[in-house]
Amino acid sequence: MTTTTDEGVVHLLWINAGLSCDGDSVSLTAATQPSIEEIVLGALPGLPKLAVHWPLIDFECGPEQGADTFIEWFHKADRGELGQFVLVVEGSIPNESIKSAGYWCGFGNNPETGQPMTTSEWLDRLARKALVVVAAGTCATYGGIHAMAGNPTGAMGVLDYLGWDFTTRAGIPVVCVPGCPVQPDNMSETLLYLLYQATGQAPMIPLDDAHRPMWLFGQTVHEGCDRAGYYEQGDFTHEYGSPKCLVKIGCWGPVVKCNVPKRGWMNGLGGCPNVGGICIGCTMPGFPDKFMPFMDEPPGAKISTAASSVYGGAIRKLRSVTAKTVDQEPKWRRRGTELLTGYLPRW
Ligand code: SF4
Ligand code: SF4
């Protein structure tokens with residue numbers, strides 16, 4: 001239990017009441033580098049004391065410290081009683097202004113009216129007061145599935161709702177950790193970085209044009225894929241269950257920024273194309289509309305794979321000659337009375 005009088009405490013307020021499946025919360029429970037337990041318990045050097053208010057596992061959600069107490073932390077932040085806090089948003093933000101009555105999604109009640117407090121109102125109240133706003137997962141970052149063409153809610157990402165040039169009172173832009181769901185360690189590592197930044201132990205977080213941490217999203221799926229060698233050799237599969245490159249059955253890896261093939265999904269295991277799943281671009285602002293229909297060969301891939309098939313075929317032939325050579329032992333390794341290694345005695 002943390003009180004408002006605790007000094008040096010950084011609060012982490014997690015709103016999971018955007019339009020979402022809660023997959024990013026579930027995902028974070030699988031983090032190992034670092035784990036959320038290590039962050040919460042301060043097991044890593046230099047971490048500030050952290051009070052996490054996270055609906056998924058919050059220990060204040062029991063009968064004694066029930067939901068009212070839980071939501072009170074958010075009201076305290078709104079009243080300016082919390083000191084430093086990090087605001088994490090999960091889920092896309094529906095447009096509450098496109099209808100005359102009702103609401104799309106909310107988080108607790110407004111004590112003054114007794115009516116549900118919409119998620120967008122929470123953002124209006126808390127975003128500017130936070131140390132930093134973190135959008136967790138593709139729905140919260142860029143809108144994701146709910147923001148597809150033809151949706152009825154007008155959903156958008158936190159960036160679109162607050163504005164791409166929004167900064168908090170600490171001058172920090174919205175930090176986006178996309179992924180559907182977010183890769184667990186990408187999320188925990190970003191939180192860790194921001195906690196170090198909050199305590200003056202790290203410089204301003206480096207973000208790319210889509211507000212993603214640069215060290216996590218600086219490379220393409222293709223650059224980290226186990227199957228990239230097959231691509232280079234023009235060796236493409238047309239069906240699932242093959243170890244070859246998946247681009248002909250819809251992999252967008254060459255143009256998608258994501259480290260999942262390198263980092264794996266949980267504790268280094270998995271990683272979409274590495275284990276046979278095409279990359280559908282779930283970390284990208286254009287997801288999903290610009291990557292559909294899934295399972296078709298991506299448009300640009302037709303030209304690049306045609307070229308790769310020609311030079312890749314030639315490379316494969318040459319490599320097979322080299323491969324045969326290096327697959328055999330040097331000829332001097334054999335029994336006999338003669339030394340065949342080329343050794344020249346110097347004395
Ligand atoms: S499976 Fe996808 S990411 Fe991997 S090499 Fe092929 S195109 Fe690139
Ligand atoms: S590899 Fe592609 S589909 Fe898989 S998590 Fe990364 S962006 Fe999403």
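Position 1 is the first residue of the sequence, and the numbers go up from there. Ligands are counted one by one from 1 in listed order, and the atoms in each one are counted from 1 as well.
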J.: Would one find an N, O or S atom of Cys258, in either backbone or side chain, under 2.8 Å from atom 2 (Fe) of ligand 2?
T.: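 Cys258 does not place any N, O or S atom closer than 2.8 Å to atom 2 (Fe) of ligand 2.
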
J.: Within 45 degrees of the axis of the six-membered ring of Phe217 and under 6.0 Å from its centre: does Lys257 put its NZ or CZ there?
T.: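 Judged by the rule (NZ or CZ under 6.0 Å from the ring centre, within 45° of its axis), Lys257 is not positioned above Phe217.
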
J.: Any side-chain heavy atom of Val89 within less than 4.5 Å of one from Val134?
T.: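 A side-chain contact under 4.5 Å is absent here.
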
J.: Hey, is Glu189 close enough to Arg263 for a salt bridge, meaning N to O under 4.0 Å?
T.: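 Answer for the salt bridge query: yes.
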
J.: If the cut-off is 4.0 Å to any non-hydrogen atom of Val221, which atoms of ligand 2 fall inside it?
T.: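 Taking each heavy atom of Val221 in turn, ligand 2 has 1 (S) under 4.0 Å.
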
J.: Distance under 4.0 Å to a non-hydrogen atom of Val256: what atoms of ligand 2 satisfy this?
T.: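 Atoms satisfying the 4.0 Å criterion: 7 (S).
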
J.: Should Leu12 and Trp54 count as side-chain neighbours, where that means a heavy-atom distance under 4.5 Å?
T.: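 No, side chains not in contact.
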
J.: Around atom 6 (Fe) of ligand 1, find the nearest protein heavy atom and jot down its residue, atom name and distance.
T.: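 For atom 6 (Fe) of ligand 1, the nearest protein heavy atom is Cys245 SG, 2.4 Å.
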
J.: In terms of atom number and element, which parts of ligand 2 are under 4.0 angstrom from non-hydrogen atoms of Trp265?
T.: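 Under 4.0 Å from Trp265, ligand 2 has these atoms: 5 (S).
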
J.: Is the closest heavy-atom distance from Ala228 to ligand 1 below 4.0 Å?
T.: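 A heavy atom of Ala228 does come that close to ligand 1.
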
J.: More than 12 heavy atoms of other residues, nucleotides or ligands under 6.0 Å from CZ of Phe166: yes or no?
T.: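 Atom CZ in Phe166 is crowded, with more than 12 foreign heavy atoms closer than 6.0 Å.
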
J.: Is it the side chain (CB and beyond), the backbone, both or neither of Thr283 that lies under 4.0 Å from ligand 2, heavy atoms counted?
T.: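 It is both parts that get close, each with some atom under 4.0 Å.
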
J.: Got a salt bridge between Arg125 and Glu121, using NZ or NE/NH1/NH2 to carboxylate O under 4.0 Å?
T.: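 Salt bridge present between Arg125 and Glu121.
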
J.: Can Ser25 and Glu90 be said to form a side chain to side chain donor-acceptor pair (under 3.5 Å), step by step?
T.: CA-CA 8 Å; Ser25 280; Glu90 179 176 5; 2.6 Å; yes

J.: Look at atom 1 (S) of ligand 1 and find which of Val255, Leu246, Ile278 reaches it with the closest heavy atom.
T.: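 The residue whose heavy atom sits nearest atom 1 (S) of ligand 1 is Leu246.
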
J.: Relative to the heavy atoms of Cys272, which atoms of ligand 2 are at a distance of less than 4.0 Å?
T.: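 Those atoms are 1 (S), 3 (S), 4 (Fe), 5 (S).
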
J.: As an exercise, identify every atom of ligand 1 less than 4.0 angstrom from a heavy atom of His222.
T.: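 Reading through ligand 1 atom by atom, the close ones are 3 (S), 5 (S), 7 (S), 8 (Fe).
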
